[in-house]
Structure formats: structure tokens, C-alpha cells
Engineer: 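This is the structure I want to talk about, given as C-alpha cells.
No hydrogens, no waters, no symmetry mates; every other heavy atom, side chains included, goes into these values.
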Amino acid sequence: MANGTGRFPTTRVRRTLNTVLGGLVKYGVAAPQLHLLTTRGRTSGFLRSTPIILVENAQGRFLVAPYGPVGWVRNIRGDGFGTLRRGGWIELISVTEVGPERAAPVLREYLDHPRAACVGDHFEVSPHDPIGAFEKIAANHPVFEIVRSTTVRL
């Protein structure tokens, strides 16, 4: 984690960037892998949204938490569901957290993605490291598999 306390510091610049990215995703003009993830706050009940890169491969569809167990991770662990939005489509999703063996190749693919370059310094490994190195850091970067989804057009 960036500051050694287990939390990623959310700066004013990061919040502004997330708001701009969220708007672009909401209107469907961002990169195809970017989605707006919305979860319900586990204590407040309020809806919280954050832009996220969706990893899709032959093994499934995955959400990756590059900054560790941040708010959306704690929320989705509590509920097990959320929504993904992109343009005029909303997808209701149900997720399950995967173990280190299943998470390792997803983390490697995530880190190798060009859009993830800005978070590379929050990982303790590089995309060229052996898969075992990714298994060791999997607990620091939770991965959730989308196990069920329903898509709705707005």
C-alpha cells in the first residue's frame, strides 16, 4: 500500500480523476474495459460508485482491487453483489472472491494491461514475474469473479 498503513491515500486529484472517468464511462466514451462499479455502503446503505477495469478472459470475468481492500471491496464482500455500468447499459452482478491460485493469473493480466499502468507502483511485482510471486501478493489485491449477471438497457 502506498503509505504503509494498509490504505491507499485518496487525494483531491484522485477523487477528481475518478469523477471525470466515472462521467466518461457513464456516457460510454471511455475505454471498453472501464466500467462504473456501484456498491451499497455496508454501514451507511448509500450507493458508492468507482471506475474499475474489468478483466475478461477464457477463465471468466473479474474485478480487481489494485489498491487493496478499499471501500468498494469491503462493501462487495458484505453484499456479494453490485452493478457495472457502461454507457446506457447496467449489469447487475453477483460476485465471489477467489483464492490466490485463481487470482494470480488475473492479477498478472491486470498488471500487464496498458490502462493499469498508473497503478503498477502499488503492486509488489511486475507483469514478467513468475506466477508464484502473484500468488504471494494476492491477499493484498483482492480479486472477485462475476458468477452471475443480468444486463438491463436504460
Engineer: Got a second to check how far Leu36's CG is from Arg86's CZ, nearest 0.5 Å?
Structural biologist: 10.5 Å

Engineer: Between atom CD1 of Ile93 and atom CZ of Phe144, what is the distance when rounded to the nearest 0.5 Å?
Structural biologist: 10.0 Å

Engineer: Are the side chain of Arg102 and the backbone N or O of Val143 linked by a donor-acceptor pair below 3.5 Å?
Structural biologist: no

Engineer: In Å and rounded to the nearest 0.5 Å, what is the CG to CD1 distance from Leu37 to Ile53?
Structural biologist: 13.0 Å

Engineer: Quick one: closest heavy-atom pair of Phe134 and Pro127, and the distance?
Structural biologist: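 Heavy atoms of Phe134 and Pro127 come nearest at CZ-CA, 4.0 Å.
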
Engineer: If we ignore hydrogens and angles and just use 3.5 Å, is the side chain of Arg77 paired with the main-chain N or O of Asp79 as donor and acceptor?
Structural biologist: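 Here the side-chain-to-backbone pair does not exist.
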
Engineer: Closer than 3.5 angstrom, by distance alone: can the side chain of Arg108 be matched with the main-chain N or O of Asp129 as a donor-acceptor pair?
Structural biologist: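 Yes.
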
Engineer: Is the closest side-chain heavy-atom distance between Ile146 and Leu54 below 4.5 Å?
Structural biologist: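 Sidechains of Leu54 and Ile146: in contact.
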
Engineer: For residues Ile90 and Phe81: do they belong to one hydrophobic cluster (side chain heavy atoms under 4.5 Å, members Ile, Leu, Val, Met, Phe, Trp, Tyr)?
Structural biologist: no

Engineer: Is there a side-chain contact between Pro66 and Phe123 (heavy atoms, below 4.5 Å)?
Structural biologist: yes

Engineer: Could you grab the distance from atom NE2 of His35 to atom CZ of Arg85, nearest 0.5 Å is fine?
Structural biologist: 12.0 Å

Engineer: If you define the side chain from C-beta out and look only at heavy atoms, does anything of Tyr67 sit under 4.5 Å from Val73?
Structural biologist: no

Engineer: Taking Arg40 for the side chain and Gly45 for the main chain, is one N or O donor matched with an acceptor at less than 3.5 Å?
Structural biologist: yes

Engineer: I need the Glu145 CD to Thr96 OG1 distance, nearest 0.5 Å.
Structural biologist: 7.5 Å

Engineer: How many angstroms lie between atom CG of Leu84 and atom CG of Leu63, to the nearest 0.5 angstrom?
Structural biologist: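 The CG atom of Leu63 is 6.0 Å from CG of Leu84, to the nearest 0.5 Å.
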
Engineer: Under 3.5 Å, is there a donor-acceptor pair between the side chain of His141 and the main chain of Ala139?
Structural biologist: no

Engineer: Might you point out which heavy atoms bring Ala138 and Pro100 nearest each other, and give the distance in Å?
Structural biologist: CB-CA, 3.7 Å

Engineer: Using modelled atom types and a 3.5 Å cut-off, is there a donor and acceptor pairing between side-chain atoms of Asn75 and backbone atoms of Arg42?
Structural biologist: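 Here the side-chain-to-backbone pair exists.
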
Engineer: Do Arg74 side-chain atoms and Pro69 backbone N/O form a donor-acceptor pair below 3.5 Å?
Structural biologist: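 Yes, the answer is positive, given that a donor and an acceptor are paired below the 3.5 Å cut-off.
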
Engineer: State, with a plain yes or no, whether a side-chain heavy atom of Gln59 is found less than 4.5 Å away from one of Glu109.
Structural biologist: no

